[in-house]
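Structure first, commentary second.
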Amino acid sequence: MSENPLQALFQTFEKVSRCVQTHLSQFIGLSNLPSPTNGQPLFSLSSSANPSRSNTNSVLLQPKDSLSEGKSTSPVTKEQLGRATWTFLHTLAAQYPDNPTRQQKKDVKELMSILSRMYPCKECADHFKEVLRSNPVQAGSQAEFSQWLCHVHNVVNRSLGKLVFHCERVDARWGKLECEQRACDLQGTTTNFGNDIH
Ligand code: FAD
């Protein structure tokens, strides 16, 4: 009989994990995932996150390094880069203060300007330069900045023949970051009278 009564359950889970990995890797066409037959399932069972405190009562599910660190052997595509950048920008807009400081307003304008020069896809950067020229950054408040960003993202969407996003839904799509005690919030000014905090 097994020493640990949960052993059989863990083994079954590991088998299911391998099976899911096999089907998932076939589905998404990744051949470089760890082979389910070489003893490396997507999620491995380990007795503890800290080996020095290993004991059979603290079983944790740990994603395999290659996935948890987002490593991939193939280069990033223009589409992946775009999605990641829009995620960054819309999250920034969601976190942007209602009453930004003068410095914060200056910073987002500069960020967009730098993006239009340094975005690592030249055709995209060149196009974005034109977009910015016709749509100067509006970042007087969180609402204004997120609506402006939604609008310029739609300009890019249209140019690529994509569907236009309904900007009244932008807050539902891109909410504030969930951080304990709002530790991720950017601080703005506390008044509307232009007393910027620097
Ligand atoms: P994305 O357009 O990447 O959007 C990601 C998610 O954002 C969507 O799934 C949706 O949920 C949400 N979303 C979509 N529209 C809006 C909106 N208006 N407001 C809020 N949320 C929205 N690619 C090119 O081929 N040529 C270019 O010239 C080009 N220029 C780019 C310029 C910039 C600054 C950036 C960041 C990207 C650019 N891209 C360009 C990439 C392109 O915009 C897309 O990111 C890429 O084609 C992947 O598109 P997607 O359909 O997965 O969704």
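Each ligand, and each atom within it, is numbered from 1 in the order the structure gives. Remember, predicted model here, so these are calculated numbers, not experimental data.
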Ligand 1 atoms nearer than 4.0 angstrom to some heavy atom of Val156 are 30 (N), 31 (C), 43 (O)
Is it possible for you to say whether Leu177 and Leu111 belong to one hydrophobic cluster, with membership spreading through side-chain heavy-atom contacts below 4.5 Å? no
Q) Any side-chain donor paired with an acceptor under 3.5 Å for Arg83 and Thr87? A) no
Problem - Other residues, nucleotides, ligands: >12 heavy atoms within 6.0 Å of Glu178 CD - result: no
Ranking Phe88, Trp174, Trp86, Phe165 by closest non-hydrogen atom to atom 7 (O) of ligand 1, top hit is Trp174
Looking only at non-hydrogen atoms, the one of Leu160, Asn157, Leu132, Thr87 nearest atom 23 (N) of ligand 1 is Leu160
Nearest non-hydrogen protein atom to atom 14 (C) of ligand 1, with distance, is His153 CE1, 3.5 Å
Heavy-atom proximity to atom 50 (P) of ligand 1 ranks first, among Glu79, His166, Lys162, for Lys162
From the list Leu186, Asp98, Asn99, side-chain contact (heavy atoms from CB on, under 4.5 Å) partner of Gln142 resolves to Asp98
protein heavy-atom neighbour closest to atom 41 (C) of ligand 1 works out as Gly82 CA, 3.8 Å
Atom 32 (C) of ligand 1 sits nearest the protein heavy atom Cys124 CB, 4.0 Å
Honestly, for Asn154 the part within reach of ligand 1 (heavy atoms, under 4.0 Å) is both
Parallel, tilted or perpendicular: ring planes of His153 versus Trp86, cut at 30 and 60 degrees:
parallel
Distance col, row Asp185:CG vs Tyr96:OH, nearest 0.5 angstrom, shows 14.5 Å
- Message: Count I, L, V, M, F, W, Y as connected when their side-chain heavy atoms are under 4.5 Å apart, and connections chain through other members. Are Val155 and Leu132 then in the same cluster?
- Response: yes
Heavy-atom proximity to atom 9 (O) of ligand 1, picking from Arg173, Glu123, Lys78, Arg83, points to Arg173
If we number the atoms of ligand 1 from 1 as shown, the ones under 4.0 Å from a heavy atom of His127 are 28 (O)
N/O to N/O below 3.5 Å, does that happen between Cys150 and ligand 1?
yes
re atom 20 (C) of ligand 1, the protein heavy-atom contact at minimum distance is His90 CE1, 3.2 Å
The atoms of ligand 1 lying under 4.0 Å from a heavy atom of Thr85, numbered in the order shown, are 36 (C)
- Query: Does Lys106 NZ have over 12 foreign heavy atoms under 6.0 Å away?
  - Reply: no
Q: Look at the side chain of Trp148 and the backbone N and O of Ala143, then say whether any donor-acceptor pair between them is shorter than 3.5 Å.
A: no
